[in-house]
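Below is one structure, written out as structure tokens; the observations come after it.
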Amino acid sequence: KKLDKDRSNMGPNPHHGGAGGNGALAVCLSSRRNMCINERVIRESDRETIDAACRSMTAPWALERAKKAASNPLGQPQQQTQQQPTPSSQFGSSCQYFDGFREAGEATSMPSGVYDLEELKKWGEGKNWCPYYLTRQAINHATVLVFNYQYMLDPKVAKMVSKELESESIIVFDEAHNIDSVCIEAFSVTIQSQHLERATRSLGRLSSEISRVKSSDGARLQAEYQTLVTGLVDQGLLDTNPNDVGLASNILSPDVINEAVPGNIRRAEHFIAFMKKVVEHLKARLRTVSGPTGGVTSETPLAFLHRMITTTSLEAKPLKFAYSRLSSLLRTLQVPNLDDFNALTDVADFASLVSTYSEGLPRFAIIMEPQVAGGPNPGIQLACLDSSLAIAPLFKRFGSVIITSGTLSPLDLYPKLLQFEPCILESFNMSTFRPCIHPLVITRGSDQLPVSTKFQDRGDMGVVRNYGTMLVELCRTIPDGIVAFFTSYSYMESIISEWDGMGIMRQLTKSKLVFIETKDVVETTLALENFRRACDSGRGAIFLSVARGKVSEGINFDRHYGRAVIMFGVPFQYTLSHILRARLEFLQTQYQIREQDFLNFDALRQAAQCVGRVIRSKTDYGLMILADTRYNRHDKRSKLPKWILQFLGDGQLNLSTDTAIGQIKHFLRIMAQPVDQNSLKEVLLTVEEVEAMLHYQTDAPCITADP
């Protein structure tokens, strides 16, 4: 997100000196794709090509090649060092902005001010400095840094950012309602059969490249061998320069960090043979799963590792170094496009994680299935079960960690999931000058039949018809934009198909234009743009989307774009998922979190995240409609955030469609009245009150929820 919507406050502050002075410096970090200003590079559409082009012009070996080319102005023939044209030959030998950044050296200090992505690019272009590398240097002296919190939790990228931060830094995880899921994903790996085929081809490419380099520049491989003898730290693989081309590792094991790389994988050709055995073993395991006598198999890392060692005669210790050793090899071979080797790096990551975390408490599960992620191909998944694994180093290093979101509810479950003791645990009411949101729990249709998306009820034609009739009545009553969320893509597709057969879709289009979220990001983005155009024109529109999808997480429907949000059903996870079953068993065994408690907690935070799209400011207003009989139960609705419950009275529970329509009309009439500016000022903080609050500091991990 951008730091501020007010463009007039962006950019350098003319009243202060450099970042080392009294002024504050606030910058945001992002990917090369979002920050590159080299016109030759940004013409490319996909992230992989942009990353490869940048590396081919900024990596140390690319700079050395450019230096040699500059020292040979007459164009005398030199020995070829690449078998095929590299991105550097497509985009030029160097980047003028990166060269300008390097030449400025210590003078690259940024003036104080607040910089969003556009201001960073504008300022960097004016100075002829690369914004991407400039912001990474600014980490050392910036007052405020804004970036995706995966940069802190995912070990693959965290060391490039968090290692520069002081332990006294205050870490704030905003919109952190799904922080436990992000932690788990950072340590999970999924490998399908087609990935193993690509890994095999990647090993063949590396083998050919090794042979070529040995014949043309053998000293390079010999130098790598000597550095591997001294260990990864001395070589610099675990404390890399951000300009270097390399992979970061998930492995935190001390022996990987401090010891020398085992002798049987130091030679490049030996390591390739080693990885071929790993890949072939994984292929063999997947063949047994997808065969006629196969099926879903679940193992602990220890059992899987024991079988791998017994079958392949490999040793456990070299497996721990697989990922770091691959990083060293790709660096030595001067590979610019690391994404070409994603499948192979996933295999190496898998091997390293399995070997590292095979002993002690089983925090991982290895699940092999004939079909993965709904596709036709078999796959093997290394699923992390313990979300505290990724965030524990942050709690240990930083004294002040704040976890906050409008949908952190119930609060007491997060300390259990993340394994920490909060010093402050607080949920706040919404400060408002009028009842700007109006939650409603609709449990019955106009014919008084109950409505629910429970598995045994969702296919009932009476439920389908009542949901459709409910939506038609809401569209007739509520002006401007409406967003409706369903529990899954499959349920949304099936109910829309039934509605179309009943003529409900034709009735909807009489009141509003209908737009639908799909799994295709481009299609969904286009649908959102047209949805906003329809609302702006006064035609009105309804957007049909899915809980846990893109729209539910990152899109705001403020003002007339979202006068109502409807949640059809309770968005539970797919409870037959083998990974979910393994995690539920882990939580029950290790942290005494009951299965139903976690499922309710997860479903209600997703529901709150969906309906929370409707309110974005003090002057905004909207309806939150929960359409399912289960929301009428206290054990369900009590898990909604406090700022929603404060507006949910007994008169808004257990409603039929007709009764709800009457309440909606009354609410909209009240909200249509002019805003009382004096009342509005009473709930807004003055500058003096904000400054007084800045004196209050906390020095321990804490967790809060705020709207």
Side-chain angles (χ1 to χ4, degrees), residues 1-38 41-42 47 50-51 54 58 95 97-154 156-176 240-243 248 394 397-398 400-402 404 554 690 694:
K1 294 182 179 179
K2 294 184 178 180
L3 288 170
D4 201 308
K5 298 293 184 182
D6 185 2
R7 304 295 303 171
S8 62
N9 293 332
M10 289 294 176
N13 188 340
H15 303 295
H16 296 285
N22 297 325
L25 173 64
V27 296
C28 52
L29 307 183
S30 189
S31 64
R32 289 178 173 89
R33 181 178 183 179
N34 293 329
M35 302 191 76
C36 181
I37 55 177
N38 188 316
V41 175
I42 58 178
R47 178 189 60 81
I50 290 175
D51 286 351
C54 179
T58 60
C95 172
Y97 300 105
F98 182 72
D99 292 343
F101 168 76
R102 290 175 63 242
E103 291 171 3
E106 297 295 330
T108 55
S109 177
M110 297 176 64
S112 59
V114 179
Y115 298 82
D116 67 358
L117 291 179
E118 294 304 319
E119 283 296 331
L120 281 169
K121 292 163 71 173
K122 178 181 176 182
W123 194 77
E125 192 168 9
K127 301 288 288 188
N128 203 39
W129 294 346
C130 172
Y132 177 79
Y133 288 102
L134 179 63
T135 53
R136 273 143 184 79
Q137 179 171 299
I139 292 175
N140 297 317
H141 50 259
T143 312
V144 178
L145 291 170
V146 178
F147 48 80
N148 190 311
Y149 55 68
Q150 290 178 331
Y151 283 26
M152 294 289 289
L153 297 175
D154 190 341
K156 290 185 176 69
V157 294
K159 74 185 186 74
M160 294 187 293
V161 178
S162 60
K163 74 183 182 71
E164 302 290 348
L165 302 179
E166 298 178 355
S167 58
E168 293 80 13
S169 301
I170 300 174
I171 309 300
V172 181
F173 290 98
D174 192 18
E175 296 294 335
T240 60
N241 185 305
N243 300 345
L394 296 181
R397 179 179 174 191
F398 299 105
S400 299
V401 180
I402 301 172
T404 178
V690 172
L694 293 177

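Model, not experiment: these values are computed from the prediction. Positions are given from 1 along the sequence.
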Worksheet, complete the sentence: Residue set satisfying side-chain contact (heavy atoms from CB on, under 4.5 Å) with Glu125, at least two apart, ordered chain then number -> Ile37, Tyr97
Practice prompt. Take Trp123 and Leu134, measure what side chain to side chain contact (heavy atoms under 4.5 Å, CB included) needs, and give me the verdict at the end.
Written response: CA-CA 11 Å; Trp123 194 77; Leu134 179 63; 3.5 Å; yes
Item to complete: Answer yes or no: is there a side-chain heavy-atom contact under 4.5 Å between Tyr149 and Leu394?
Response: no
Worksheet item: If you round to the nearest 0.5 Å, how far is CG of Leu29 from CG of Asn34?
Response: 11.5 Å
Worksheet item: To the nearest 0.5 Å, what is the distance between OG (Ser31) and CD1 (Ile50)?
Response: 8.0 Å
Discussion item. Does any part of the side chain of Val144, heavy atoms only, come nearer than 4.5 Å to the side chain of Leu25, both counted from C-beta?
Written reply: no
Worksheet item: If you look at every heavy atom in Ser112 and Ala24, which pair is closest and at what distance?
Response: CB-O, 3.2 Å
Worksheet item: Are the side chains of Thr135 and Leu120 in touch, meaning some heavy atoms are under 4.5 Å apart?
Response: yes
Item to complete: Report yes if some heavy atom in the side chain of Met152 is under 4.5 Å from a heavy atom in the side chain of Phe173; otherwise report no.
Response: yes
Response to the item:
Distance col, row Tyr132:OH vs Arg136:CZ, nearest 0.5 angstrom, shows 4.0 Å
Discussion item. Between Ile171 and Ile402, is the side chain to side chain contact (heavy atoms under 4.5 Å, CB included) condition met? List the steps.
Written reply: CA-CA 6 Å; Ile171 309 300; Ile402 301 172; over 6 Å; no
Discussion item. Would you compute the distance between atom CD of Glu168 and atom OG of Ser400 and round it to the nearest 0.5 angstrom?
Written reply: 9.5 Å
Discussion item. Under the criterion side chain to side chain contact (heavy atoms under 4.5 Å, CB included), I'd like the reasoning laid out for Tyr133 against Cys54: C-alpha separation, chi angles, the key distance, then a yes or no.
Written reply: CA-CA 11 Å; Tyr133 288 102; Cys54 179; 4.1 Å; yes
Item to complete: Rounded to the nearest 0.5 Å, what's the gap from OH on Tyr151 to CG on Leu145? Could you check?
Response: 12.0 Å
Practice prompt. Please tell me if the side chains of Phe398 and Leu165 come closer than 4.5 Å, counting only heavy atoms from C-beta onward.
Written response: yes
Worksheet item: Just how far is it from atom CG of Asp116 to atom SG of Cys28, taken to the nearest 0.5 Å?
Response: 6.0 Å
Fill in: Closest non-hydrogen atom pair, Gly124 against Pro131
CA-CG, 4.4 Å
Response to the item:
Heavy atoms of Cys36 and Lys121 approach each other most closely as O-CE, 3.9 Å
Discussion item. Does atom NZ (Lys122) have a neighbourhood of more than 12 heavy atoms from anything else shown, all under 6.0 Å?
Written reply: no
Item to complete: List the steps and the verdict of side chain to side chain contact (heavy atoms under 4.5 Å, CB included) for Met110 and Trp129.
Response: CA-CA 11 Å; Met110 297 176 64; Trp129 294 346; 5.8 Å; no
